[in-house]
Number of protein chains: 2
Amino acid sequence: MVVWLTAGNVYNTQRGALVRVTITQVAAHAGVSVASASRALNGQAASAKTVAKVQHAAEELGYVADATAQSLKRGRTNQLAYAVADIGNPVYIEMMTAIERVVSASGYRLVMSSTGTSSSSVDVVRDLGRGYVDGMILSPLRVTDELLAVLAKAPVPVVVLGRLPDDASLDTVPADSFTAMRLVVEHLVAEGRGDIAFVNGPSDTTPGAFRRDGFAAAVVAHPAISARSVDADDFTITAGYAAARRALHDDHRPDAIVAANDLIGIGAIRAAEDLGLAVPGDITVTGVDNTELAGVIRPGLTSVDLGAEERGRVAAELLLARIAEPERPAHTVAVAPALVVRGSSHARSPNPAGTPDSEAPDLNNERPAR
Amino acid sequence: MVVWLTAGNVYNTQRGALVRVTITQVAAHAGVSVASASRALNGQAASAKTVAKVQHAAEELGYVADATAQSLKRGRTNQLAYAVADIGNPVYIEMMTAIERVVSASGYRLVMSSTGTSSSSVDVVRDLGRGYVDGMILSPLRVTDELLAVLAKAPVPVVVLGRLPDDASLDTVPADSFTAMRLVVEHLVAEGRGDIAFVNGPSDTTPGAFRRDGFAAAVVAHPAISARSVDADDFTITAGYAAARRALHDDHRPDAIVAANDLIGIGAIRAAEDLGLAVPGDITVTGVDNTELAGVIRPGLTSVDLGAEERGRVAAELLLARIAEPERPAHTVAVAPALVVRGSSHARSPNPAGTPDSEAPDLNNERPAR
DNA sequence: ATGAAAGCGCTAACAC
DNA sequence: GTGTTAGCGCTTTCAT
């Protein structure tokens, strides 16, 4: 027994399973062969009359081509993936939005898989072999040898949104952490700060390692600076708060906290305030990523924009280009960081009384010129 | 010419296309039939010797089963989708995280598609007919007749994370906006506020409509309250800021702003501050969703928790249950809202001098008991 | 321009 | 327990 539910594209068998209208039924309904139906539906050579008949039949039956069967036959899925470890960080959402805009304009569906929760980056890349996507953009938190090995023989193109060892010949859109940290340190020096606590994320992550090294390199250029470093457990507000408390618990207190990202920076502002320190009166705090949050909290968080949106867009374009031309040489595209000064630091040297500057709201979240 | 690249699972044809190792090659390598190979790989009846041979061959060749072919044959993709209109709102990320946890435990991959940017909810649901997922969870912003029609004949199960008309017999996990607004209004009354501006999101959205109506119903219960309402252009900080400026620009100023969600509420706090109003000294501000942001800004935003995480979890469970048993009756699961009081309002009546209460940081973002 | 038929990679009857 | 075979729904030669 078969019960038709609607004029739509499904009916119900006695087993309760939903069954779909196939191209065979469309062809029969139109009185043509399946080959003609397929051609008519895909805009291939077919007489106007055939096209009309087939389209009418498809319309009437509510036919929708099965993506799985098309994928199997065509050898591609029209689906791309963006895999990210830490979806709680708004900077990755920003990247995803930029990526989605580019790939959907090219007819691809974007699949977002959050590694971290259920599986590691390695698992995600390995899963690529299952062929459920035609390509992937990956923002890995940790680049292990195992990941590099899996990446090297990935069966579909992968673009890495982040930094890789130089000898990995893959398309990458790295963050320029060295320039970023240099901009921050120079800003602090101009402001008159000289005793800096660097609150990093985990040092064994790629961003953690490069921001630490970038900070160290920047500090070396200014012999007057004294600096220390602590690691937060991860790149979150909560972990940043805890790590900043540790950094501020010593007998002597720094006059600046440089956070490895905005979330840690926000946690650091809260920690300083809870210790009775005025920001930026007693202590300056800076972040990295220039997320919308940086402009929303008070005081606004001075932050380095690493170009998340542009990097996302570029990564998507690199992926599409590689899919179109698999043998093209690997590209690495750099995006210049830019410092955005807000109320958590002073533009020049600190006010004598520690009074915060008056501050216009930063709600439009504009990106600075570079 | 065929060039083997590695001992891995791909080799390169002269066309540059990547070709995959198939089960046929594994079977040949192991000296068994493809059927035996398939059985061995899938844990079906097979002798220990066969299993060993096949697994060894698969390992050696780097075989990974093709998801597309499996899907076509099995009639399911093992992929579920979460479609959301506004990925910039952290409450949806929170839901997604909860959903992902549940579905990945059941062996499904979660695909996140952000409607809004490239396509509408209707398009996304219609695309379901292409069979690229086995089911979907949808958080629609606007429930049109067209959407309901498409939903009614969706070829795969759909669970709606949001409110639907009562006669739509679908699995839903609505937000209880009426209770939410009642909790807020009662809190304001206890606080001694009586002149309320309601800053809604767009009224033509489902949450907008229900929060507006819920607010109206709550106000009616308190004749002493006078209330007005403005719509923000969307549920964002920026739009909330602009709308709150309008609400506060009148000749007479309210003593409370009730925002339809946290983002609008944060914008409202900024708007009040820019107008020289102390929060909560001169004016109370409240939000809805109890996102992490509410605990991060200063003053902390008093907010109603609509149970995003629990609702996401429940929606995922409903979807899995329906996939397992397609003919089961439609369920609607309600989650009780709970008010979380923070510094943007007073626990009781306002301090005479408008001095903000001292406030512990709300960084662990705990959910209140209900 | 159209139809018959092969086959993408896999699983599941079915026969042995 | 294992091999042979059919076929999921579609696109694409290859003849006609």
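Atoms NZ (Lys53(B)) and P (dG1(D)) sit 14 Å apart, rounded to a whole Å. Residue Arg76(A) contributes atom CZ, which lies 16 Å from atom P of dC10(D) at whole-angstrom precision. Per the geometry, CD belonging to Gln25(A) stands 11 Å off P belonging to dC8(D), to the nearest Å. Residue Leu61(B) contributes atom CG, which lies 15 Å from atom C1' of dG9(C) at whole-angstrom precision. For Leu72(B) and dC8(C), the CG to P distance is 13 Å, given to the nearest whole Å. Atoms CG (Leu41(B)) and C1' (dA12(C)) sit 15 Å apart, rounded to a whole Å. Rounded to whole angstrom, the span from the CG atom of Asn42(B) across to the P atom of dG9(C) amounts to 17 Å. Between Ile23(A) atom CD1 and dG9(D) atom P the separation is 12 Å, expressed in whole Å.
Judged purely by atom type and a 3.5 angstrom limit, Asp134(B) has no side-chain atom pairing as donor or acceptor with the backbone of Leu80(B). Of the possible polar contacts, one joining the Asp66(A) side chain to the Ala69(A) backbone as a donor-acceptor pair under 3.5 Å is found. A donor-acceptor pair under 3.5 Å is formed between the side chain of Arg322(B) and the backbone N or O of Arg328(B). Proximity of a side-chain donor or acceptor of Ser71(B) to a complementary backbone N or O of Ala67(B) within less than 3.5 Å is detected.
An OP1 or OP2 oxygen of dC8(C) is reached within less than 4.0 angstrom by no side-chain nitrogen or oxygen of Ser71(A). Regarding contacts with the backbone of dT11(D), every side-chain N or O of Gln44(A) stays at 4.0 angstrom or more from both OP1 and OP2. Side-chain N/O atoms of Gln70(A) include none lying less than 4.0 angstrom from OP1 or OP2 on dG9(D). Between Ser38(A) and the phosphate of dT11(D), there is a side-chain N or O to OP1/OP2 separation shorter than 4.0 Å. For the OP1/OP2 pair of dT2(C) and a distance below 4.0 Å, the side-chain nitrogens and oxygens of Ser47(A) include at least one atom meeting the criterion. Here Tyr63(A) reaches the OP1 or OP2 of dC10(D): one of its side-chain N or O atoms lies under 4.0 Å away.
Inspection of the Thr77(B) and Tyr132(A) side chains reveals no N or O donor paired with an N or O acceptor under 3.5 Å. Using a 3.5 Å distance cut-off with no hydrogens or angles, the side chains of Ser47(A) and Thr50(A) do pair a donor with an acceptor. No side-chain N or O of Thr68(A) forms a donor-acceptor pair with one of Thr68(B) less than 3.5 Å apart.
With the end axes of the helix from dA1(C)-dT16(D) to dC16(C)-dG1(D) each set by five pairs, the angle from one to the other reads 40° at 10° resolution.
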Nucleotide N/O of nucleotides 3-6 of chain C paired with protein N/O under 3.5 Å:
unit_1, atom_1, unit_2, atom_2, d
dG3(C), OP2, Ser33(A), N, 3.0
dG3(C), OP2, Ser33(A), OG, 3.1
dG3(C), OP2, Ser36(A), OG, 2.6
dG3(C), N7, Arg39(A), NH2, 2.8
dG3(C), O6, Arg39(A), NH1, 3.0

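In summary, Arg313(A) and Glu317(A) engage in a salt bridge, as defined by a charged side-chain N under 4.0 Å from a carboxylate O. Contact check on Glu100(B) versus Arg109(B) returns no salt bridge, with no Lys/Arg side-chain nitrogen under 4.0 Å from an Asp/Glu carboxylate oxygen.
For the pair Ala48(B) and Asp66(A), both in contact range of DNA chain D, the more 5′-proximal nearest nucleotide belongs to Ala48(B).
Of all heavy-atom pairs spanning Val64(B) and Arg130(A), the tightest one is CG1-CG, 3.6 Å.
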